[in-house]
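Here's the structure we're looking at; comments come further down.
For this chain, numbers begin at 1 and follow the sequence in order. Order of appearance sets the numbers: ligands from 1, and atoms from 1 within every ligand.
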Amino acid sequence: MAAMISNLDAPLGAEVTGVDLSKPLPQGDVDAIEAAWRTRLVVVIRAQTLSDPELLAFSRRFGELDPPGPNPYGEPFNKAYPEINVISNVVENGRPIGGLGDGEAVWHADMTYMEVPPKAAILHALEVPPEGGNTYFADMFAAYEALPEALKDAAEGRVAVHDASRNSAGMLRRGYREVTDVRETVGARHPLVRTDRATGRKALFLGRRPNGYVTGMSIADSEALLDALWAHATQTRFTMCHRWRAGDVLMWNNLAVLHRRDAFDPETRRVMHRTQIRGNERIA
Ligand code: OGA
Ligand code: MN
């Protein structure tokens with residue numbers, strides 16, 4: 001049976017059924033998943049049971065992998081498979097087994113503080129809490145297209161700095177200092193508006209809000225522009241919500257969506273294994 005794709009009842013997102021990702025997929029299925037990822041930006045595949053090597057093999061069908069970002073403990077969470085990151089609140093023998101804890105993760109795209117950010121991330125849910133810990137995605141093509149003309153003009157041709165110092169749970173990364181003046185934020189600079197090479201469509205490219213700065217502007221003007229763009233881009237009309245079940249595999253278009261996560265009960269367990277696909281080009 002070949003993969004079947006159906007759009008979620010949301011402005012973005014598609015569900016793929018009829019696949020077993022633990023087995024090598026026919027190229028036609030990989031192509032179908034990639035097409036859905038390109039156009040619907042988030043792909044949900046339920047009820048999978050993937051070992052780490054199987055998750056890696058599936059992920060590699062979409063390109064070369066990027067290693068996890070620096071984690072606060074200075075060594076990989078998954079020592080046997082360091083390309084796999086672990087997102088978890090579970091603490092074993094006094095040590096977290098993964099990143100991001102149990103708190104909210106604010107709206108962001110992954111690792112945009114790099115010159116070439118990963119183009120996709122894949123998250124496989126191994127254990128999920130009975131409630132909370134939902135993940136939301138916002139479509140940055142739709143957000144761009146719906147921008148008021150004045151904001152479109154204000155963003156056009158502008159470049160912003162994407163802060164490397166804190167992760168999406170707000171934790172200071174090893175080796176970074178607190179940012180006290182956004183003009184000194186350390187991280188890659190990218191245009192606020194990017195153009196998808198394949199389709200020519202424009203998207204907002206915001207990365208993350210804390211310590212953001214639009215170069216060449218006064219701090220006040222930069223704050224006002226970023227606040228206006230972020231408020232616009234994260235409106236519910238551009239978003240979908242994913243409620244996790246164990247076994248879910250979710251793949252998102254990191255250059256075209258923002259995502260955030262709700263907090264959840266610290267007494268419950270949430271364990272995700274994660275890969276990311278290397279980007280092929282500078283943001284332009
Ligand atoms: C991530 C992330 C969200 C979540 O893996 O990049 O932001 O739902 N995770 O845990
Ligand atoms: Mn993330």
Could you tell me, atom by atom, which parts of ligand 1 come under 4.0 Å of a heavy atom of [X]?
X	answer
Thr135	4 (C), 8 (O)
His108	7 (O)
Asp110	6 (O)
His259	1 (C), 2 (C), 6 (O), 7 (O)
Ile87	5 (O), 10 (O)
Leu100	2 (C), 7 (O), 9 (N)

Proximity flag [X] to ligand 1, non-hydrogen atoms under 4.0 Å:
X	value
His242	no
Arg270	yes
Met272	no
Phe137	no

For atom 5 (O) of ligand 1, what is the nearest protein heavy atom, given as residue, atom name and distance?
Arg274 NE, 2.7 Å
Go through Arg274 and Gln276 one step at a time and tell me if the side-chain hydrogen bond (donor to acceptor under 3.5 Å, both in side chains) criterion holds.
CA-CA 7 Å; Arg274 182 187 193 287; Gln276 51 190 359; 3.2 Å; yes
I'd like to know if [X] pairs up with [Y] as an ion pair, taking the criterion as any Lys NZ or Arg NE/NH1/NH2 lying under 4.0 Å from an Asp or Glu carboxylate oxygen.
X	Y	answer
Arg60	Glu83	yes
Arg270	Glu127	no
Arg177	Glu184	no
Arg166	Glu178	yes
Asp163	Arg209	no
Lys79	Glu75	yes

Glu104 vs Arg261, test: salt bridge (charged side-chain N to carboxylate O under 4.0 Å, His left out). Steps then yes/no.
CA-CA 6 Å; Glu104 184 187 359; Arg261 181 192 79 188; over 6 Å; no
Among the N/O/S atoms of His108, which is closest to the Mn ion (ligand 2)? Give the atom name.
NE2
Identity of the N, O or S atom of Asp110 lying closest to the Mn ion (ligand 2):
OD1
Glu54/Lys23 under salt bridge (charged side-chain N to carboxylate O under 4.0 Å, His left out): CA gap, chis, key distance, verdict:
CA-CA 8 Å; Glu54 289 163 353; Lys23 309 227 161 59; over 6 Å; no
